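Reviewing the structure listed below.
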Amino acid sequence: MSNEVFNIFAAVGIGLTFLASISAVIVSIISMRYSSKVAERSGYLSTITASRDKWSNLLRESASLYFTQIARICSEQEDNLTEIYNDLTHYHFAIELLLFKQDVEIHNNMSIVRNKAFEIVDQSNIINQQYKKMEGSLSITKADIENQDIVVKARQKMYDLRCSILNEYQGKIFDEIRILLECEWRKQQYEATDMWKEK
(Lines give C-alpha, C1' and ligand atoms only; values in the text may rest on other atoms or scores of the structure.)
Protein backbone atom coordinates (compact mmCIF):
# COMPACT_ATOMS: atom_id res chain seq x y z
CA MET A 1 0.00 0.00 0.00
CA SER A 2 2.83 2.40 0.86
CA ASN A 3 4.47 1.70 -2.51
CA GLU A 4 1.25 2.56 -4.31
CA VAL A 5 0.87 5.83 -2.35
CA PHE A 6 4.49 6.65 -3.04
CA ASN A 7 4.01 5.95 -6.75
CA ILE A 8 0.91 8.18 -6.85
CA PHE A 9 2.76 11.01 -5.10
CA ALA A 10 5.75 10.49 -7.39
CA ALA A 11 3.50 10.58 -10.49
CA VAL A 12 1.74 13.73 -9.20
CA GLY A 13 5.15 15.33 -8.41
CA ILE A 14 6.47 14.48 -11.86
CA GLY A 15 3.28 15.84 -13.42
CA LEU A 16 3.50 19.07 -11.45
CA THR A 17 7.19 19.43 -12.31
CA PHE A 18 6.33 18.88 -15.97
CA LEU A 19 3.53 21.49 -15.83
CA ALA A 20 5.84 23.96 -14.06
CA SER A 21 8.50 23.41 -16.71
CA ILE A 22 5.98 23.91 -19.53
CA SER A 23 4.70 27.09 -17.81
CA ALA A 24 8.27 28.41 -17.43
CA VAL A 25 8.93 27.77 -21.14
CA ILE A 26 5.69 29.54 -22.15
CA VAL A 27 6.45 32.51 -19.88
CA SER A 28 10.02 32.68 -21.28
CA ILE A 29 8.73 32.67 -24.87
CA ILE A 30 6.18 35.42 -24.12
CA SER A 31 8.82 37.44 -22.27
CA MET A 32 11.31 37.08 -25.13
CA ARG A 33 8.74 38.15 -27.71
CA TYR A 34 7.73 41.16 -25.63
CA SER A 35 11.39 42.09 -25.02
CA SER A 36 12.08 41.73 -28.73
CA LYS A 37 9.18 44.07 -29.61
CA VAL A 38 10.29 46.61 -27.00
CA ALA A 39 13.90 46.42 -28.24
CA GLU A 40 12.75 46.79 -31.83
CA ARG A 41 10.59 49.81 -31.01
CA SER A 42 13.32 51.28 -28.83
CA GLY A 43 15.88 50.82 -31.63
CA TYR A 44 13.47 52.39 -34.12
CA LEU A 45 12.82 55.37 -31.85
CA SER A 46 16.54 55.73 -31.13
CA THR A 47 17.26 55.79 -34.86
CA ILE A 48 14.56 58.40 -35.50
CA THR A 49 15.71 60.51 -32.55
CA ALA A 50 19.33 60.31 -33.76
CA SER A 51 18.22 61.36 -37.27
CA ARG A 52 16.22 64.26 -35.88
CA ASP A 53 19.15 65.28 -33.71
CA LYS A 54 21.54 65.18 -36.68
CA TRP A 55 19.08 67.21 -38.80
CA SER A 56 18.67 69.81 -36.03
CA ASN A 57 22.42 70.14 -35.59
CA LEU A 58 22.99 70.57 -39.34
CA LEU A 59 20.23 73.18 -39.57
CA ARG A 60 21.58 75.02 -36.53
CA GLU A 61 25.13 75.03 -37.94
CA SER A 62 24.07 76.08 -41.46
CA ALA A 63 21.83 78.83 -40.07
CA SER A 64 24.64 80.14 -37.89
CA LEU A 65 26.98 80.36 -40.89
CA TYR A 66 24.20 81.87 -43.00
CA PHE A 67 23.61 84.66 -40.49
CA THR A 68 27.36 85.25 -40.28
CA GLN A 69 27.36 85.92 -44.05
CA ILE A 70 24.41 88.29 -43.67
CA ALA A 71 26.35 90.20 -41.02
CA ARG A 72 29.39 90.35 -43.29
CA ILE A 73 27.51 91.52 -46.40
CA CYS A 74 25.60 94.11 -44.38
CA SER A 75 28.69 95.52 -42.70
CA GLU A 76 30.51 98.53 -44.12
CA GLN A 77 33.27 96.44 -45.66
CA GLU A 78 33.60 96.60 -49.42
CA ASP A 79 36.23 93.91 -49.99
CA ASN A 80 35.34 90.37 -51.03
CA LEU A 81 31.62 91.06 -51.44
CA THR A 82 31.39 88.55 -54.28
CA GLU A 83 33.02 85.87 -52.13
CA ILE A 84 30.70 86.70 -49.22
CA TYR A 85 27.70 86.54 -51.57
CA ASN A 86 28.85 83.10 -52.79
CA ASP A 87 29.16 81.89 -49.18
CA LEU A 88 25.70 83.30 -48.39
CA THR A 89 24.29 81.45 -51.41
CA HIS A 90 26.02 78.22 -50.32
CA TYR A 91 24.44 78.30 -46.85
CA HIS A 92 21.12 79.49 -48.29
CA PHE A 93 20.89 76.30 -50.38
CA ALA A 94 22.23 74.14 -47.53
CA ILE A 95 19.29 75.33 -45.41
CA GLU A 96 16.82 74.88 -48.26
CA LEU A 97 17.98 71.28 -48.76
CA LEU A 98 17.55 70.59 -45.04
CA LEU A 99 14.07 72.12 -44.97
CA PHE A 100 12.93 70.53 -48.25
CA LYS A 101 9.91 72.83 -48.69
CA GLN A 102 8.76 72.46 -45.06
CA ASP A 103 8.29 76.18 -44.72
CA VAL A 104 7.53 78.27 -47.81
CA GLU A 105 7.89 81.55 -45.90
CA ILE A 106 11.50 80.79 -44.96
CA HIS A 107 12.29 79.96 -48.59
CA ASN A 108 10.65 83.15 -49.83
CA ASN A 109 12.37 85.39 -47.28
CA MET A 110 15.75 83.78 -47.89
CA SER A 111 15.34 84.23 -51.64
CA ILE A 112 14.56 87.92 -51.11
CA VAL A 113 17.69 88.29 -48.96
CA ARG A 114 19.81 86.54 -51.60
CA ASN A 115 18.46 88.84 -54.32
CA LYS A 116 19.15 91.92 -52.19
CA ALA A 117 22.66 90.66 -51.44
CA PHE A 118 23.22 90.24 -55.18
CA GLU A 119 22.11 93.83 -55.72
CA ILE A 120 24.59 94.99 -53.04
CA VAL A 121 27.39 93.23 -54.94
CA ASP A 122 26.13 94.75 -58.19
CA GLN A 123 26.15 98.29 -56.73
CA SER A 124 29.62 97.70 -55.29
CA ASN A 125 30.81 96.70 -58.77
CA ILE A 126 29.43 99.98 -60.17
CA ILE A 127 31.45 101.92 -57.58
CA ASN A 128 34.57 99.86 -58.30
CA GLN A 129 34.20 100.59 -62.04
CA GLN A 130 34.19 104.32 -61.32
CA TYR A 131 37.41 103.96 -59.34
CA LYS A 132 39.01 101.93 -62.14
CA LYS A 133 38.05 104.57 -64.71
CA MET A 134 39.85 107.20 -62.68
CA GLU A 135 42.98 105.13 -61.99
CA GLY A 136 46.13 106.93 -63.06
CA SER A 137 44.46 110.32 -63.09
CA LEU A 138 46.37 112.58 -60.72
CA SER A 139 43.82 115.39 -60.80
CA ILE A 140 40.87 113.31 -59.53
CA THR A 141 40.72 112.50 -55.83
CA LYS A 142 38.77 109.88 -53.91
CA ALA A 143 36.38 112.63 -52.77
CA ASP A 144 35.74 113.52 -56.42
CA ILE A 145 34.83 109.92 -57.20
CA GLU A 146 32.66 109.59 -54.10
CA ASN A 147 30.77 112.78 -55.03
CA GLN A 148 29.87 111.49 -58.49
CA ASP A 149 26.11 111.05 -58.87
CA ILE A 150 26.42 107.39 -59.91
CA VAL A 151 28.55 106.57 -56.85
CA VAL A 152 26.29 108.50 -54.45
CA LYS A 153 23.24 106.64 -55.79
CA ALA A 154 25.02 103.27 -55.61
CA ARG A 155 26.10 103.90 -51.99
CA GLN A 156 22.57 104.97 -51.04
CA LYS A 157 21.09 101.89 -52.69
CA MET A 158 23.59 99.63 -50.88
CA TYR A 159 22.68 101.31 -47.58
CA ASP A 160 18.94 100.86 -48.22
CA LEU A 161 19.41 97.20 -49.22
CA ARG A 162 21.48 96.48 -46.12
CA CYS A 163 18.91 98.15 -43.86
CA SER A 164 16.13 96.18 -45.52
CA ILE A 165 17.94 92.85 -45.02
CA LEU A 166 18.75 93.59 -41.38
CA ASN A 167 15.49 95.25 -40.36
CA GLU A 168 12.89 93.38 -42.42
CA TYR A 169 14.17 89.89 -43.20
CA GLN A 170 16.97 88.72 -40.91
CA GLY A 171 14.73 88.63 -37.82
CA LYS A 172 11.92 86.85 -39.66
CA ILE A 173 14.22 84.13 -40.99
CA PHE A 174 15.87 83.73 -37.60
CA ASP A 175 12.50 83.36 -35.83
CA GLU A 176 11.17 80.90 -38.41
CA ILE A 177 14.26 78.68 -38.10
CA ARG A 178 14.15 78.95 -34.29
CA ILE A 179 10.51 77.81 -34.28
CA LEU A 180 11.36 74.81 -36.51
CA LEU A 181 14.22 73.83 -34.20
CA GLU A 182 11.98 74.16 -31.13
CA CYS A 183 9.34 71.91 -32.78
CA GLU A 184 12.02 69.32 -33.53
CA TRP A 185 13.25 69.50 -29.94
CA ARG A 186 9.70 68.93 -28.66
CA LYS A 187 9.31 65.91 -30.97
CA GLN A 188 12.59 64.48 -29.68
CA GLN A 189 11.47 64.97 -26.08
CA TYR A 190 8.14 63.26 -26.83
CA GLU A 191 9.88 60.32 -28.52
CA ALA A 192 12.35 59.97 -25.66
CA THR A 193 9.47 59.99 -23.14
CA ASP A 194 7.53 57.51 -25.26
CA MET A 195 10.57 55.24 -25.47
CA TRP A 196 10.99 55.21 -21.66
CA LYS A 197 7.28 54.43 -21.22
CA GLU A 198 7.68 51.40 -23.47
CA LYS A 199 10.51 50.10 -21.30
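Here, residue 1 is the first one in the sequence, and each next residue gets the next number. Every value quoted in this text rests on a predicted model; they were computed, and no experiment measured them.
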For E105, is there an ion pair with K172 - N to carboxylate O distance below 4.0 angstrom?
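A salt bridge is absent here (no side-chain N lies under 4.0 Å from a carboxylate O).
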Should the pair E182-R178 be classified as a salt bridge under the 4.0 Å nitrogen-to-oxygen rule?
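Salt bridge: yes.
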Report yes if the side chains of [X] and [Y] come closer than 4.5 Å at any heavy-atom pair, otherwise no.
| X | Y | result |
| --- | --- | --- |
| E96 | S111 | yes |
| M158 | I127 | yes |
| Y85 | Q69 | no |
| T141 | I145 | no |
| I173 | H92 | no |
| Y66 | H90 | no |
| I165 | I120 | yes |

Strictly distance-based, threshold 3.5 Å: is any side-chain N or O of [X] a donor or acceptor partner for the main-chain N or O of [Y]?
| X | Y | value |
| --- | --- | --- |
| S62 | L58 | yes |
| S164 | D160 | no |
| S64 | R60 | no |
| R162 | S75 | yes |
| D122 | E119 | no |
| D144 | I140 | no |

N86 versus T89, side-chain donor and acceptor atoms under 3.5 Å:
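Looking only at side-chain atoms, N86 and T89 do not form any donor-acceptor pair under 3.5 Å.
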Would you tell me whether Y131 and E146 have side-chain atoms, one donor and one acceptor, within less than 3.5 Å of each other?
yes
[atom2] on [Y] to [atom1] on [X], rounded to 0.5 Å:
| X | Y | atom1 | atom2 | value |
| --- | --- | --- | --- | --- |
| K157 | K116 | NZ | NZ | 9.0 Å |
| E168 | C163 | CD | SG | 9.5 Å |
| L81 | N128 | CG | CG | 8.0 Å |
| K132 | N125 | NZ | CG | 8.0 Å |
| L180 | L98 | CG | CG | 11.0 Å |
| N115 | M110 | CG | CE | 12.0 Å |

Could you pull out the closest heavy-atom pair between D79 and I84, with the gap in Å?
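It is O-CD1, 4.1 Å.
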What are the two closest non-hydrogen atoms of I95 and A63, and how far apart are they?
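Nearest heavy atoms, I95 then A63: CD1-CA, 3.7 Å.
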If hydrophobic clusters are built from ILVMFWY residues whose side chains come within less than 4.5 Å, do I179 and I177 share one?
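No, it is not one cluster - the side chains of I179 and I177 are not joined through contacts under 4.5 Å.
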F174 reachable from V113 in the ILVMFWY side-chain graph, under 4.5 Å edges:
yes
Is it the case that over 12 heavy atoms from other parts of the model lie below 6.0 angstrom from the CZ atom of F118?
no
Within the supplied structure, the quantity of interest is the number of heavy atoms (other residues, nucleotides, ligands) at a distance under 6.0 Å from F93 CZ; does it exceed 12?
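Yes, because the 6.0 Å sphere around CZ of F93 holds more than 12 heavy atoms from other groups.
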Can you name the salt bridge (Lys or Arg N to Asp or Glu O under 4.0 Å) partners of E83, sequence neighbours left out?
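For E83, no residue satisfies salt bridge (Lys or Arg N to Asp or Glu O under 4.0 Å) once neighbours in sequence are set aside.
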Can you spot which of L65, I70, V121 makes a side chain to side chain contact (heavy atoms under 4.5 Å, CB included) with L88?
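That would be I70.
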